[in-house]
Protein chains: 2
Amino acid sequence: MVLKQQMENHIPTNQEIAIKLSRYGLKITPQRVAVLGALIKLCHHPSAEDIFREVVQVIPGLSQATVYNTLDVLVQRGIASKIATSTGVMRYDLIEQPHHHLFDETNSRIEDYYDPELDQILKMYFSKKKIKGFVPLEIKLHVIGAFRDNVV
Amino acid sequence: MVLKQQMENHIPTNQEIAIKLSRYGLKITPQRVAVLGALIKLCHHPSAEDIFREVVQVIPGLSQATVYNTLDVLVQRGIASKIATSTGVMRYDLIEQPHHHLFDETNSRIEDYYDPELDQILKMYFSKKKIKGFVPLEIKLHVIGAFRDNVV
DNA sequence: TTTTAAATTAGATTTATTATTATTAAAAAA
DNA sequence: TTTTTTAATAATAATAAATCTAATTTAAAA
Ligand SMILES: [Mn+2]
Ligand SMILES: [Mn+2]
Ligand SMILES: [Zn+2]
Ligand SMILES: [Zn+2]
């Protein structure tokens, strides 16, 4: 059995990233490949600035605007999503499978939470309970709390 | 039977608002009374600017900083909460009973959603399912979708 | 009434993000 | 391959929400 950790942490090559961009009808540029690569690498919901700092090391002339433009494009195409935070700084998230988020506001940490059982429960609930005058498209749990390392 | 609508829409007097402020150990000022009053009146999750526009009509010399300061104080004391939105503008919410939110991103509309049955389901789920290394404090559903007036 | 700690104000400042536009480069067409 | 077209990027300016600063005012305790 392969550990989940190892499976998720497969680092795609630039080639593979480029293919992903074309699959979504996007022009391949070194900037886009690097930004998407950084979004994959910095897997814990980086800000635009986090991504800029990472990518500018490889592409020294990089403009901040390009990072914002590219992230916008990725969000538009459904490759990434944007998370609004209580500090007013946006964070970005690769969309692989839908998942919920755990927020620790003391250290701005955001982690994924996924449990098919929970989704089943929510699906059941919302299929039964109709909301008057509202068509739900996406149901996300925001769990605010505290990460406690050393505590199971 | 009194309609839920009518019960909720009772507009408190400045006197009542002032009492609420003192109960939370806050100094009573005309600015604070008016800001909290506006937060109650503009019941659909106003922004700081929405509140400023409302209150400056009554207190012409009002400073924007006072609105931000007051809202911060209300959030700190647990009277109000702050909602981060996808546009980067914060919205404010009077805390009466805990509830979830319906977001329509096409028109920035945010509405409350409350169903004790749902909370019971979530409570059950999280009491059974422990999240490793994370202590949850607040569980909120963010339902993104579209309000459809004229559609039930 | 006097005192004092806290609140308010005006304005400057910060900072994430967006807009503008000239330049450059990707990839389609010839 | 070369040309052409279209879109992306870079540099920089602009925007706007929110925060900070410091002088002034005020609420309420003494
Ligand atoms: Mn949220
Ligand atoms: Mn901003
Ligand atoms: Zn995520
Ligand atoms: Zn609400």
Side-chain angles (χ1 to χ4, degrees), chain A residues 14-15 17-36 38 45-53 55-77 79-92 105 108, chain B residues 14-15 17-36 38 45-53 55-56 58-77 79-92 108:
Chain A
N14 285 351
Q15 188 57 249
I17 292 171
I19 289 166
K20 177 158 193 167
L21 289 170
S22 356
R23 264 200 290 113
Y24 282 88
L26 295 176
K27 219 175 243 188
I28 295 160
T29 67
Q31 290 87 346
R32 283 179 172 175
V33 171
V35 166
L36 181 50
H45 313 93
S47 65
E49 206 207 315
D50 292 333
I51 290 173
F52 177 81
R53 274 203 308 271
V55 175
V56 78
Q57 296 178 72
V58 169
I59 302 177
L62 182 73
S63 169
Q64 310 235 68
T66 299
V67 174
Y68 281 101
N69 287 341
T70 303
L71 289 170
D72 279 353
V73 167
L74 296 180
V75 170
Q76 282 172 42
R77 300 297 169 115
I79 301 169
S81 69
K82 208 176 175 180
I83 305 169
T85 69
S86 59
T87 62
V89 180
M90 297 292 168
R91 305 272 290 264
Y92 293 85
E105 299 193 340
S108 298
Chain B
N14 285 351
Q15 186 59 246
I17 292 171
I19 289 166
K20 177 156 192 168
L21 289 170
S22 354
R23 267 201 289 110
Y24 282 88
L26 295 175
K27 219 174 246 188
I28 295 159
T29 68
Q31 290 85 349
R32 282 180 175 175
V33 172
V35 166
L36 181 50
H45 312 93
S47 64
E49 206 207 314
D50 292 333
I51 290 173
F52 177 80
R53 274 202 308 270
V55 175
V56 80
V58 170
I59 302 176
L62 182 72
S63 168
Q64 309 235 67
T66 299
V67 174
Y68 282 103
N69 287 341
T70 303
L71 289 170
D72 278 353
V73 166
L74 296 180
V75 170
Q76 282 171 43
R77 300 298 170 115
I79 302 169
S81 70
K82 206 177 176 181
I83 305 169
T85 69
S86 60
T87 62
V89 181
M90 297 294 168
R91 306 273 289 264
Y92 293 85
S108 298

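Please read these numbers as outputs of a predicted model, since none were measured by experiment. Throughout, protein chains are lettered first and strands after them, A, B, ... in sequence-line order, and every chain is numbered starting at 1.
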Within this structure, what is the [atom1]-to-[atom2] distance between [X] and [N], rounded to whole angstrom?
{"X": "B:Leu71", "N": "C:dA7", "atom1": "CG", "atom2": "P", "value": "14 Å"}
{"X": "A:Phe52", "N": "C:dT17", "atom1": "CZ", "atom2": "P", "value": "14 Å"}
{"X": "B:Leu62", "N": "C:dA7", "atom1": "CG", "atom2": "P", "value": "16 Å"}

Would A:Gln31 and A:Asn69 count as a side chain to side chain contact (heavy atoms under 4.5 Å, CB included) if you check the C-alpha gap in whole Å, the side-chain angles of each, and the deciding distance to 0.1 Å? CA-CA 10 Å; A:Gln31 290 87 346; A:Asn69 287 341; over 6 Å; no
Is B:Arg91 reaching over with its side chain to a backbone N or O of B:Ser108, donor-acceptor style, under 3.5 angstrom? yes
Nucleotide-resolved protein contact map, nucleotides 16-30 of chain D, B/S/- at heavy-atom distance under 4.0 Å: -SBBB------SS--
State, with a plain yes or no, whether a side-chain heavy atom of A:Ile51 is found less than 4.5 Å away from one of A:Thr70. no
Under-4.0 Å side-chain N/O to phosphate OP1/OP2 contact, B:Ser63 with C:dT8: no
So A:Asp50 and A:Ser47, side-chain hydrogen bond (donor to acceptor under 3.5 Å, both in side chains) or not? Walk me through it. CA-CA 5 Å; A:Asp50 292 333; A:Ser47 65; 3.1 Å; yes
For B:Val55 and B:Val67: C-alpha separation, side-chain torsions, deciding distance, then whether side chain to side chain contact (heavy atoms under 4.5 Å, CB included) applies. CA-CA 9 Å; B:Val55 175; B:Val67 174; 5.5 Å; no
Quick check for you: to the nearest 0.5 Å, what is the distance between A:Lys82 atom NZ and A:Gln76 atom CD? 10.0 Å
